[in-house]
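Shown next, in structure tokens, is the structure this report addresses.
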Amino acid sequence: MDFFHVIVVLLESTIRVSVPLIFAALAGLFTERAGIFDIGLEGKMLGAAFAAGAVAAITQSVWLGLLAGVLISVCLSLVHGYASITQRGNQIVSGVAINFIVAGSTVILGEAWFRQGGRTPALAEGARFQTITFPFADTIREIPFIGPIYADLLSGHFILTYLAFAMVPISWWILYRTRFGLRLRAVGENPGAVDTAGISVIWMRYRAVICCGILCGFAGAYLSLAMTAGFVKGMTAGKGYIALAALIFAKWRPFNIMLACLLFGFLDAFAIRLQGNPLPLIGQVPVQLMQALPYILTVILLAGFIGKAIPPKAGGVPYVKER
Amino acid sequence: MDSIAIELRGIDKSFGPVHANKNINLKVRKGTIHGVIGENGAGKSTLMSILYGFYQADSGEIHVDGKQVTIRDPNAAIAAGIGMVHQHFMLVENFTVLENIMLGAEESQILNKGIAKAREELKRLEREYALEVNPDAIIEELPVGLQQRVEILKALYRRADILILDEPTGVLTPAEADHLFRVLEQLKSQGKTIILITHKLREIMAITDEVSVMRRGEMVATRKTAETSVEELAELMVGRRVLLRVEKGAANPGDVKLSVKGLTVKDGRGVTMVDNVSFDLRAGEIVGIAGVAGNGQSELLEAISGIRRAVSGDVQLNGQPVNVTGHVDPKDLRDRGLAHVPEDRHHVGLVLKFEECENAILGYHHDKRYLNGVFLNVDAIRKDAEQRIAEYDIRPPNARLKTANFSGGNQQKIVLAREMERGPDVLIIGQPTRGVDVGAIEFIHKRIIEMRDQGKAVLLVSVELDEIRALSDRILVMFAGRVVGERDPDATEGELGLLMAGVEGRKEAAE
């Protein structure tokens, strides 16, 4: 029973750390499927986390905080969009620039406004997300197996957690079952086909970038309003890059993204759980190795050992009408 | 039948300093097939792009069915009943046929509703025009001919009455091209108007009712096809008399210069692209490799010239083995007398952002002539380039001009000059006249024959069957990676066409 308990705890924290990954990777899915590579997921998430934490601390409203996070993230997305769609700039450079600007400015603004070393003030209960407990969780917990799964694994998460998992089928439905999704995927494969069909390539790509901003906003707000009570400098700690790795690992498909994020989240949770404890048979495993695993797995995938990851054909290429 | 479907009045368009269309007037009658011919860069594609709303004319009027229309974007063109089949298909390769046809004409926000309707409409079009295609097939898995059919269906699905086809036969086998022409006749008989843009005179003669000729951005003539001739059209296109067929004497083959035995090449995905190919190339002969694009010719060239590693096989250059299955240094091959004019001059043959004189020494920059110790001897390079420019009539004659600013024909001459002038024993040429205008084609063909007459061995790969037949002393036909037959240059086009389509070859290989 003890082992079972460990597993439940491990999976519970897997879900907790996977949520921002899922949001961010789905955000990347929308832009990259439209042909805009986005290495700035990290920066957008961080900017959103800061804006959410700051606004929630000032207004004491979690919803205003969430809104602020999403707004900032969308604005940053539009900057990336302007640079890479309208100005046809290099998408990697633009993304990296956003990451740097956000990493620096959140600390400066945080210090200027709150004087807490780049943090935002710790949020009171009303100003952050509360976990949702399913009905009868406490009664059912006593039932072996099903009880803990219901009470600890399914119940007791934040509303954003449920939203993140709901976004997986929703994203799939949008991409594969709506006109918007058809055009979005087409614009990432052959923008010429979209243009000649009488659809604006630029407007399609901007819409995709805005979708990305909204989802990154959720990811950031989750970090500062749900997972912790306030913003801490650099709190994304590379989650944007892991999400990018998950996106590639998942071959740009929504359900694969969920699985990849859960896998990477599990590795993270496992690493934390393992700290100091040797593994049976293998012995002590350095935490750094566990933390590097998502990247290592992605590199192995890219090298062609686990099937083939084919990126959207027009990805990273600004659209210019042929002359 | 005399009503006018499309009338262009005084269309004018410039791109910066380039005057692409000068005061163009054109009338296309309803229910006819109207050809527009001209050399590359004559402004045909620009004109059609204006008609399809891709570009805006600087001035001029477009009338459709007698009414003046403003075509600001492709949507407006579609609304006016104009459809276009582009030279490079505007298809999303990993989408299904149905998804491609629906794209931009989905009818509702949620796809499901439109899909059933689109499927039905597609069936109706198939019945009406005998254009069958599986709606659930993925585009990239379809042969090129069917992909083009999807492009036509796309236009018909949008209820186009006027269909513009831009160089539609460039990627087709002769049989597929014939089939396309039958489809066009069928469309015409149903009252559709067709504008056919091409640089192939034979097609114009075969299928059009009327033909308009463009030269250097101007519309120089319109003729009834029945009342004109290939010679007249060629002269109108170029502005002077041209030899359509190069003169050449009998070949005088000597020793084997390049011997290829059992060469097999796979592409990155592990698909066999060249399958056990063997042939000999002798001094003083031109061996042409015919075939529809994508049947392994490119990979064959790449393997022989040391760009792509072969899986197995034995290649000898001047009697010395070439390590084609291992690492080959193209520089080493060059030193041993092999010159290579690559198929894709933009990506392999030239650095477009370099000056002409810099491109003129690419790959030969180790030559002592061009060096001053470790530095480049810029004076010597420019002097050499200027001499070459004069010999090959490269225009404009400016060695310092950025290569991107030369026309396709002149860019090709830069590459040819570089590779031919070193007097190689073996010259490998891929697509010598792709994107090259008629005047320059004549020049290039003459040079290739001169090389042969000087006793060089020439291996020629081209998807233009006419070119292969005009230049080659022997023709090898490739299909699906194999050499499926060898013919004399006087073999009929039909015979070669069957080989290229893999019909005859199977029998021959079985015997």
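In what follows, chains are A, B, ... by sequence order, proteins preceding strands, each numbered from 1.
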Out of Ile78(B), Ile115(B), Asn75(B), return the one with the most heavy atom pairs under 4.5 angstrom to chain A.
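Of Ile78(B), Ile115(B), Asn75(B), Asn75(B) has the most heavy-atom pairs under 4.5 Å with chain A.
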Top of Asn100(B), Ile110(B), Asn112(B) for chain A proximity - count of heavy-atom pairs under 4.5 angstrom:
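The residue among Asn100(B), Ile110(B), Asn112(B) with the greatest pair count is Ile110(B).
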Can you tell me if [atom1] on [X] sees more than 12 non-hydrogen neighbours from other groups inside 6.0 Å?
{"X": "Leu71(A)", "atom1": "CG", "result": "yes"}
{"X": "Tyr162(A)", "atom1": "OH", "result": "yes"}
{"X": "Arg207(A)", "atom1": "CZ", "result": "yes"}
{"X": "Tyr176(A)", "atom1": "OH", "result": "yes"}

Considering non-hydrogen atoms only, spot the tightest contact between Met90(B) and Gly192(A) and give its length.
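Distance-wise, the nearest heavy atoms are SD-C, 3.5 Å.
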Decide salt bridge (charged side-chain N to carboxylate O under 4.0 Å, His left out) for Arg179(A) and Glu107(B); before the verdict, give the C-alpha distance in whole Å, the side-chain angles of both, and the deciding distance to 0.1 Å.
CA-CA 9 Å; Arg179(A) 181 172 85 177; Glu107(B) 303 207 343; over 6 Å; no
Mind ranking Ile174(A), Asp195(A), Thr196(A) by heavy-atom pairs under 4.5 Å with chain B and telling me who comes out on top?
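The option with the most such pairs is Thr196(A).
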Pair Leu111(B)-Arg177(A), side-chain contact (heavy atoms from CB on, under 4.5 Å): steps then yes or no:
CA-CA 5 Å; Leu111(B) 289 181; Arg177(A) 286 292 179 269; 5.5 Å; no
Could you tell me whether Arg183(A) and Glu106(B) have a side-chain N and a carboxylate O separated by less than 4.0 Å?
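Yes, charged N to carboxylate O under 4.0 Å.
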Checking Phe89(B) against chain A: side chain, backbone, both or neither under 4.5 Å from a heavy atom?
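The backbone, not the side chain.
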Need one label for Ser108(B): side chain, backbone, both or neither, based on atoms under 4.5 Å from any heavy atom in chain A.
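Ser108(B) touches chain A through backbone heavy atoms alone.
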Donor on one side chain, acceptor on other, Glu93(B) and Asn190(A), under 3.5 Å:
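Checked: Glu93(B)/Asn190(A) side chains show no N/O donor-acceptor pair below 3.5 Å.
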